[in-house]
Structure formats: structure tokens, C-alpha cells
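These notes are about the structure you will find just below.
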Amino acid sequence: MFNNKDEQKNNPFEDESFNKEAEDTKAEEQTQPVTEEDSNEADSEAEKTSDNDTAKLQAELDSLNNKYLRLAADFDNFRKRQMSERENLLKYGAEDTLKKIITVLDTFERAKKSVTDMQECDKIKESYDVAVKQLYDTLDKIGLKKIEARGEEFDPNLHEAVMQTPTNDYPANTVIDELQTGYKLFDKVLRPTFVNVATEGEN
């Protein structure tokens, strides 16, 4: 049997020399200087981490910036479309109404022609001319205008050729007669003028 003294003597954790060695080893590990290579490796790792974080942030910033630019462009296009539609609505809103009024103007035109040669109806013609002029002036103010054709060069955007007459009295492709008046609403053709167009006459 061992007594307590023997146990303490044989116990390495109670041995002063053993404990001193352990403490010296621990102190040596703690006080061992960091080499320049270790410091460079640590700095390199930190720099890589920083570069990766910067790259990620830059990618996120670029993505958000691109989304903003696309959104801004889409909104600008939408705003321009809305403005254009509003302007067209204000400008051409009376289109359907004026198309109906055109038929009334046709009746006026026919009536005027029917009384042209009636000398005894001078007062009637005068009153009629005043009424027609007033009507045209009113329509002109809201954008309805006649398409002038007689004597003009034929323009398929404004005229519709329903007749062709060979003649040497007019240059070829010249409108020599208006068969039905055409009208525009500002720059938009509501109805082309029906015309008779000159072609080259026989020699």
C-alpha cells in the first residue's frame, strides 16, 4: 500500500519540475514571434476576402443600376406614348363628327352648282354663299380644310384618280377637274379628292 506522501511523490501533476516544464513550453508557444511569411499570408487572405466582397458589391450595384436605367427608359417611353395619345385625342377627337358633316357640305356644293346659272336668283345665291362661307370658316377653325386639287400635280396621298383624260392642254399627271371635294383634319386625310387626271394626248 502507498501512503499519501508516496502518491504525491509519484504523481507527475504534483511534480514541480514537470509543472515548470509545462509552463515554460506554454510560455514559449505564446511568446513565439510571428514570422514575416505568416504575416504576409494573413494579409493576402484578408486582401482576397476584401476583393471578393468589393466585387460582389460592385456586381450588385451594376445590377441595380441597370434595372434603374431600364425602368427609367420604360417610364419615359410610357410618358411619351401618353402625351402622344393625349395630343392625338385632342387634335383628332372631332374626326367622326366631321366625317358626317362632310356629307352636308356635299349637299351645299351640289345646291350651289344648281343655281349658278340662274340670274334671277342672285339674292338667293348671295345668301347661300354667305352661309357656306360661314360654315367653312367655322370648320376651318376646328381643323377641317379642303384639299385643293385643280391644276395641281396628282398626289396619291391626297387625290384619288377616278378618271383619266388624254390631252395636250395640260402636262401629264395634272389634275384637270375635281369630281368630289376631299378634306383633311389638320394633316390627316379624312377623304381624298376624287379627280380627273390628264394623260399624254395623241400627237
Side-chain angles (χ1 to χ4, degrees), residues 8 10-103 105 136-149 152-162 173 175 180-195 197:
Q8 290 177 358
N10 294 326
N11 186 349
F13 295 105
E14 296 295 332
D15 189 342
E16 290 183 2
S17 63
F18 178 83
N19 288 337
K20 189 173 187 309
E21 282 184 20
E23 289 176 359
D24 291 343
T25 301
K26 185 176 181 181
E28 183 180 351
E29 290 176 353
Q30 291 177 348
T31 59
Q32 185 176 3
V34 177
T35 65
E36 183 178 351
E37 182 178 352
D38 292 337
S39 177
N40 290 339
E41 287 181 1
D43 290 344
S44 178
E45 288 298 326
E47 187 176 348
K48 287 180 181 179
T49 302
S50 177
D51 289 343
N52 289 338
D53 292 342
T54 302
K56 288 179 181 179
L57 289 174
Q58 185 63 46
E60 291 179 4
L61 178 61
D62 292 342
S63 177
L64 290 173
N65 189 49
N66 289 334
K67 289 180 180 178
Y68 167 76
L69 292 176
R70 286 195 297 269
L71 182 62
D74 290 343
F75 177 76
D76 188 54
N77 290 334
F78 171 77
R79 182 181 59 81
K80 289 179 180 178
R81 283 196 304 271
Q82 289 293 99
M83 290 179 62
S84 177
E85 290 174 1
R86 182 175 179 275
E87 289 175 359
N88 286 334
L89 181 61
L90 293 174
K91 190 173 183 179
Y92 300 114
E95 179 177 348
D96 290 339
T97 301
L98 291 175
K99 281 182 177 179
K100 295 174 182 176
I101 292 177
I102 285 175
T103 59
L105 294 178
Y136 275 113
D137 288 344
T138 301
L139 294 174
D140 184 76
K141 290 178 181 178
I142 60 177
L144 185 70
K145 299 181 182 297
K146 277 186 177 184
I147 298 175
E148 300 298 336
E152 301 289 332
E153 183 178 359
F154 175 76
D155 183 348
N157 296 313
L158 303 175
H159 312 138
E160 184 172 336
V162 295
N173 214 38
V175 175
Q180 187 178 58
T181 305
Y183 295 92
K184 292 192 300 182
L185 176 57
F186 295 104
D187 57 349
K188 184 174 184 178
V189 175
L190 299 182
R191 186 180 72 186
T193 301
F194 291 175
V195 297
V197 182

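- Within 6.0 Å of CZ on Phe186 lie more than 12 heavy atoms contributed by other residues, nucleotides or ligands.
- For the atom pair Ile142 CD1 and Asp137 CG, the distance stands at 12.0 Å (nearest 0.5 Å).
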TODO: Determine, stepwise, if the pair Val189 / Ile147 fulfils side-chain contact (heavy atoms from CB on, under 4.5 Å).
DONE: CA-CA 9 Å; Val189 175; Ile147 298 175; 4.2 Å; yes
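- Annotation for Ala149 and Val175: closest pair O-CB, 3.2 Å, computed over non-hydrogen atoms.
- Scanning all heavy atoms of the two residues, the minimum distance from His159 to Glu153 falls at CE1-O, 3.6 Å.
- For Asn66 (side chain) and Asp62 (main-chain N/O), a donor-acceptor pair under 3.5 Å exists by modelled atom type.
- In this structure the side chain of Thr193 never reaches within 4.5 angstrom of the side chain of Leu158, judged on heavy atoms.
- At least one side-chain heavy atom of Leu139 sits less than 4.5 Å from a side-chain heavy atom of Leu98.
- Salt bridge status for Lys99 with Glu95: present, with a side-chain N to carboxylate O gap under 4.0 Å.
- Proximity of Lys146 to Tyr183: side-chain heavy atoms (C-beta onward) are separated by under 4.5 Å at one or more points.
- Taking CD of Gln82 as the reference point, atom CG of Asn77 lies at 12.0 Å (rounded to 0.5 Å).
- Under the side-chain hydrogen bond (donor to acceptor under 3.5 Å, both in side chains) criterion, Lys80 pairs with Asp76, not counting sequence neighbours.
- The two residues Leu144 and Leu185 come nearest to each other via the heavy atoms N-CD1, 4.2 Å.
- Other residues, nucleotides and ligands contribute more than 12 heavy atoms inside 6.0 Å of the CZ atom of Arg79.
- Taking CG from Asn65 and CD from Glu60, the interatomic distance works out to 13.5 Å, rounded to the nearest 0.5 Å.
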